[in-house]
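What you see is a predicted model, and the numbers here were worked out from it, not measured in a lab.
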Amino acid sequence: MERVTLRIPKQQIEEVEQMVELGKYPNRSEAIRSAVREMLDEQADSQSNENRSWAKV
């Protein structure tokens, strides 16, 4: 796994920390990885829908 350094506004990090404290994620890194996966999935779905637009009636 590659290490990436990013700058994220304090308020957003605090919200991620709350999610970790509530047990939704084991740590900040996993929460951020999950957000990236979701973004990539949405992008893939969007591209897939564009490719199927010819089939719409």
- Drop me the distance from Leu22's CG to Glu17's CD, to the nearest 0.5 angstrom. 11.0 Å
- Query: Hey, are Arg37 and Glu30 close enough for a salt bridge, meaning a charged N less than 4.0 Å from a carboxylate O?
  - Reply: yes
- Task: Have a look at Glu15 and tell me which of Gln12, Met19, Gln11 forms a side chain to side chain contact (heavy atoms under 4.5 Å, CB included) with it.
- Result: Gln11
- Message: Side chains of Glu14 and Gln18: any donor to acceptor distance under 3.5 Å?
- Response: no
- So, for Arg28 and Val20, which heavy atoms are closest and what is the spacing to 0.1 Å? N-CG2, 3.7 Å
- Determine, step by step, whether Ile8 and Val16 satisfy the side chain to side chain contact (heavy atoms under 4.5 Å, CB included) criterion, reporting the C-alpha distance in whole Å, the side-chain angles of both residues, the deciding distance to 0.1 Å, and the verdict. CA-CA 11 Å; Ile8 300 175; Val16 169; over 6 Å; no
- Item | Met1 and Arg33, any side-chain heavy atoms less than 4.5 Å apart | yes
- Message: Working note: Val4 + Leu6, criterion side chain to side chain contact (heavy atoms under 4.5 Å, CB included); need CA distance, chi angles, decisive distance, verdict.
- Response: CA-CA 7 Å; Val4 177; Leu6 13 139; 3.6 Å; yes
